[in-house]
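Heads up, the thing below is written out as structure tokens.
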Amino acid sequence: MDATQNQKPAVLLIGGLDPQGCAGMSADIMTVLNHGCHPLSLITGLTEQSAEGLTEFGLVSPAKVKAQFENCQADFDIKAIKIGLIPHLEIAKCIKDILNKFNGPVIFDPVLGSTSGGMTVPEDVKNYIYKEILPLVTVVTPNLPELYALTKPDISVEMGAQLLRQEGVDVCLVKGGHSDNALAIDFVSSTLADFYLYNEKTAVQVRGTGCVMASSLASHLASGQDIRDAMVLAKAYVARGIRLSHKVGPYQLIHHSQQDIALVDFPKLCYQPELIGQTLEFPTCPELGIYPVVESADWVKKLVDEGIKTIQLRVKEADQDLIQQHLQSAMSTVANKPVHFFVNDHWEMAIEAGAYGVHLGQEDLHDANIKQISEAGLRLGVSTHSYWELARALAVNPSYIALGPIYETTSKQMPFSPQGIERLQQWVDLLNGHYPIVAIGGINVERAEQLRKTGVGSVAMITAITKANDYQHVTQQLLAMWQ
Ligand SMILES: Cc1ncc(COP(=O)(O)OP(=O)(O)O)c(N)n1
Ligand SMILES: Cc1ncsc1CCOP(=O)(O)O
Ligand SMILES: [Mg+2]
């Protein structure tokens, strides 16, 4: 067996030592350990600091840092690098050499001083960072003062992030915790998309949160998480750490833990600044049980006749008249029956017809007027395939949240590999009691039975019913199992 298999992913931490153990390398090491990764540490400066501020960067030898890196690289397969304080020009040059020898993700938290005040990084280092380090960085995570110091005072987060990305950084995550907004709003600019991540801010001033955010991000990337998921999970880790923070000496310190994140700590995601913090209300729906997704009014009739109580009409036809015909016919089937009838995609038609609810995917959310759906009193179900899509769904506050594909599916081409039962269990543990969850993708009778044990309230399926040799028998088996 390959000796590197089953090893904790190694994260190389490059930053300053805070002898008080609150920020810098100490905070980084604690974070990386609590993410199940192995920390390797290169000290860039032996700082002198107290609650009054930073008084000394503390010289270390660049040659020694280089030698230490070579030792680390010789013995470990480094999966991600996190950089914090770069106090001197010679150290900055040494870091550039290190980055040139590394191929994986590089997270740079541009620490330019201490939040307690005092000394700041000299101008020549700042210029070097801008021109020589940023082009080698995957994600840069400035807070507002750092963004202003690196770009222009009082620049907008959107413009500032754009300027940093012009230097060659893939992703810029601007942390908004220093603003006087009641929400902690981070702005993310990347080639994939620009978006805002936000959660409630607590009144307490907690030390070292920037270091923890960046090293959490590095750990998640080292563990193979998608970059948007890593940002959402890192923000959640910090929010939980702040919520459970405790007093140490003169400081309030972040709480570290390997336990699962609670929903209250999970950030919300939206793409437009005017939607930040806007909460919509949708009627609740009960656990939905066996939930067939079908392509015609004919199928709606056949399955309602079998006793199905939740069903979705999903007509993937361009012809609007045809969709309208299916919808009208399905509506007359479910009229005056205790059936939860959802319409896929066509939210305007669903409102007009007075359906029970609408199901929308993440792309559909871009185009739909969800305020109108909410005002019309329809339930809303939203698809998720990842943590960042879950953050988007939470911002919408829907009636239920679907996770898929749980297994390989032949009904739809998707850029997502199967989530598996373990991931479904995470969704159930996180969301149960807050949102009903629907599992979808490759679910048949046997698998539905296994999934039931996770505590999921509903399983949706296309093929298992509509392509069955005996759809009535399969439907009865499913209904009997989900009693
Ligand atoms: C219950 C349920 N879950 C997920 C989906 C998928 O919706 P979406 O992502 O919008 O994809 P399409 O179905 O529109 O192809 C669903 N329809 N129902
Ligand atoms: C629409 C959709 N969204 C996620 S999986 C899926 C298809 C589910 O179909 P099947 O039950 O045949 O796998
Ligand atoms: Mg859709």
Side-chain angles (χ1 to χ4, degrees), residues 282 285-296 299-300 303 308-318 323 326-327 330 339-350 355-370 373 378-386 388-390 392-393 396 398-421 423-424 427 431 435-451 456-469 471 474-475 477-478 482:
F282 293 92
C285 52
E287 297 295 5
L288 294 168
I290 301 300
Y291 183 173
V293 175
V294 298
E295 63 186 10
S296 69
W299 269 113
V300 173
L303 296 178
I308 283 292
K309 295 283 180 280
T310 300
I311 193 156
Q312 181 186 130
L313 179 66
R314 177 178 180 267
V315 189
K316 290 287 178 186
E317 293 275 347
I323 299 165
H326 280 291
L327 179 52
V339 174
H340 309 121
F341 174 59
F342 286 90
V343 177
N344 186 47
D345 295 346
H346 301 284
W347 59 275
E348 280 167 302
M349 288 189 201
Y356 179 80
V358 178
H359 184 93
L360 297 178
Q362 298 273 325
E363 293 78 21
D364 309 321
L365 284 174
H366 276 295
D367 307 328
N369 186 335
I370 50 174
I373 301 172
L378 269 65
R379 282 94 191 145
L380 175 65
V382 171
S383 301
T384 64
H385 311 86
S386 60
W388 66 269
E389 288 192 353
L390 177 59
R392 170 80 181 114
V396 169
S399 312
Y400 75 76
I401 290 176
L403 174 68
I406 305 297
Y407 302 97
E408 207 82 59
T409 177
T410 49
S411 298
K412 181 174 173 167
Q413 281 207 326
M414 274 181 290
F416 302 98
S417 40
Q419 308 282 349
I421 296 195
R423 178 56 72 91
L424 176 62
W427 252 235
L431 299 173
Y435 293 93
I437 306 161
V438 177
I440 186 168
I443 300 175
N444 56 24
V445 175
E446 203 179 41
R447 288 170 168 176
E449 197 155 16
Q450 286 171 353
L451 296 184
V456 70
S458 175
V459 281
M461 66 283 294
I462 300 177
T463 322
I465 290 180
T466 60
K467 298 278 191 290
N469 288 333
Y471 80 86
V474 169
T475 306
Q477 277 183 306
L478 286 164
W482 218 266

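In each ligand, atom 1 is the first atom listed, and ligand 1 is the first ligand listed. Heavy-atom basis, side chains included; hydrogens, waters and symmetry copies ignored.
Two residues are said to be in side-chain contact when any heavy atoms from C-beta on lie closer than 4.5 Å; Y407 and I421 meet this criterion. Within the 4.5 Å cutoff, the side chain of V396 has heavy atoms near those of the F282 side chain. Residues V456 and L403 have side chains not in contact (no heavy-atom distance under 4.5 Å, counting atoms from C-beta outward). Contact of the I308 side chain with the I290 side chain is registered, since non-hydrogen atoms from C-beta on lie closer than 4.5 Å. No side-chain heavy atom of S383 sits less than 4.5 Å from a side-chain heavy atom of E389. Counting heavy atoms from C-beta on, the side chains of V382 and Q362 come closer than 4.5 Å. Using a 4.5 Å heavy-atom threshold, the side chains of F342 and R379 count as touching.
No heavy atom of Q362 sits closer than 4.0 Å to any atom of ligand 1. Using a 4.0 Å heavy-atom cutoff, G404 is absent from the residues neighbouring ligand 2.
Heavy atoms from other residues, nucleotides or ligands lying under 6.0 Å from CD of E446 number 12 at most.
In this structure, CD1 on I373 lies 7.5 Å from CG on L378, to the nearest 0.5 angstrom.
Protein heavy atom nearest atom 2 (C) of ligand 2, with residue, atom name and distance: I440 CD1, 3.8 Å. Atom 5 (C) of ligand 1 has its closest protein heavy atom at H359 NE2, 3.2 Å. What sits closest to atom 10 (O) of ligand 1 on the protein, heavy atoms only, is D364 OD2, 2.8 Å. Annotation: atom 12 (O) of ligand 2 to nearest protein heavy atom, T463 OG1, 2.2 Å. Among protein heavy atoms, atom 14 (O) of ligand 1 sits closest to K316 NZ, 2.6 Å. Regarding atom 11 (O) of ligand 2, its nearest protein heavy-atom neighbour is I462 N, 2.9 Å.
Close approach of ligand 2 to M414 is summarised as follows: ligand atoms under 4.0 Å from at least one heavy atom of the residue are 4 (C), 5 (S). Listed by number with element, the atoms of ligand 1 under 4.0 Å from a non-hydrogen atom of N344 are 12 (P), 13 (O), 14 (O), 17 (N). Applying the 4.0 Å criterion to heavy atoms of S383 picks out, from ligand 1, the atoms 4 (C), 5 (C), 6 (C), 7 (O), 8 (P), 9 (O). The R314 neighbourhood of ligand 1 comprises atoms 12 (P), 13 (O), 15 (O), with distances under 4.0 Å to a heavy atom of that residue. Heavy-atom proximity to K412, at under 4.0 Å, picks out these atoms of ligand 1: 8 (P), 9 (O), 11 (O), 12 (P), 15 (O). Contact atoms of ligand 1 toward D345: 10 (O), 14 (O) (distance under 4.0 Å to a heavy atom of the residue). Annotation for ligand 2: atoms under 4.0 Å from non-hydrogen atoms of M461 are 11 (O). The ligand atoms of ligand 1 that sit less than 4.0 angstrom from a heavy atom of Y400 are 1 (C). Within ligand 1, counting atoms from 1 as listed, the ones closer than 4.0 Å to a heavy atom of Q312 are 1 (C), 2 (C), 16 (C), 17 (N), 18 (N). For ligand 1, the atoms sitting less than 4.0 Å from at least one non-hydrogen atom of A402 are 3 (N), numbered in the order shown with element in parentheses.
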R314 vs I462, test: side chain to side chain contact (heavy atoms under 4.5 Å, CB included). Steps then yes/no. CA-CA 10 Å; R314 177 178 180 267; I462 300 177; 3.8 Å; yes

From CA spacing to verdict: side chain to side chain contact (heavy atoms under 4.5 Å, CB included), Y291, L478: CA-CA 10 Å; Y291 183 173; L478 286 164; over 6 Å; no

Start with the C-alpha distance between T466 and E295, add both sets of side-chain angles, then the distance that settles side chain to side chain contact (heavy atoms under 4.5 Å, CB included), and finish with yes or no. CA-CA 9 Å; T466 60; E295 63 186 10; over 6 Å; no

Go through the steps for M349 and V343 under the test side chain to side chain contact (heavy atoms under 4.5 Å, CB included), then give the verdict. CA-CA 9 Å; M349 288 189 201; V343 177; 5.7 Å; no

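By the 3.5 Å distance cut-off applied to N or O atoms, S411 is counted among the residues near ligand 2. For ligand 2, one of its N or O atoms has an N or O atom of G442 under 3.5 Å away. An N or O contact shorter than 3.5 Å is missing between H385 and ligand 1 by distance. Residue T409 places at least one N or O, backbone or side chain, under 3.5 Å from an N or O of ligand 2. Considering backbone and side-chain N/O of A460, none are found under 3.5 Å from N/O of ligand 1.
Of all the N, O or S atoms in D364, the one closest to the Mg ion (ligand 3) is OD2. The atom of D345 that is an N, O or S and sits closest to the Mg ion (ligand 3) is OD1.
Residue contacts with ligand 1 for F342 are absent, since no atom lies close enough (heavy atoms, distance under 4.0 Å).
Across C285 and P436, no two heavy atoms sit closer than the pair O-CG, 3.3 Å. Listed here is the closest heavy atom pair of T463 and T410: OG1-OG1, 4.1 Å.
Nearest-heavy-atom check against atom 1 (C) of ligand 2 across R314, K467, H359 picks out R314.
Partner of H346 under the side-chain contact (heavy atoms from CB on, under 4.5 Å) criterion, chosen from I323, L360, D364, V315: I323.
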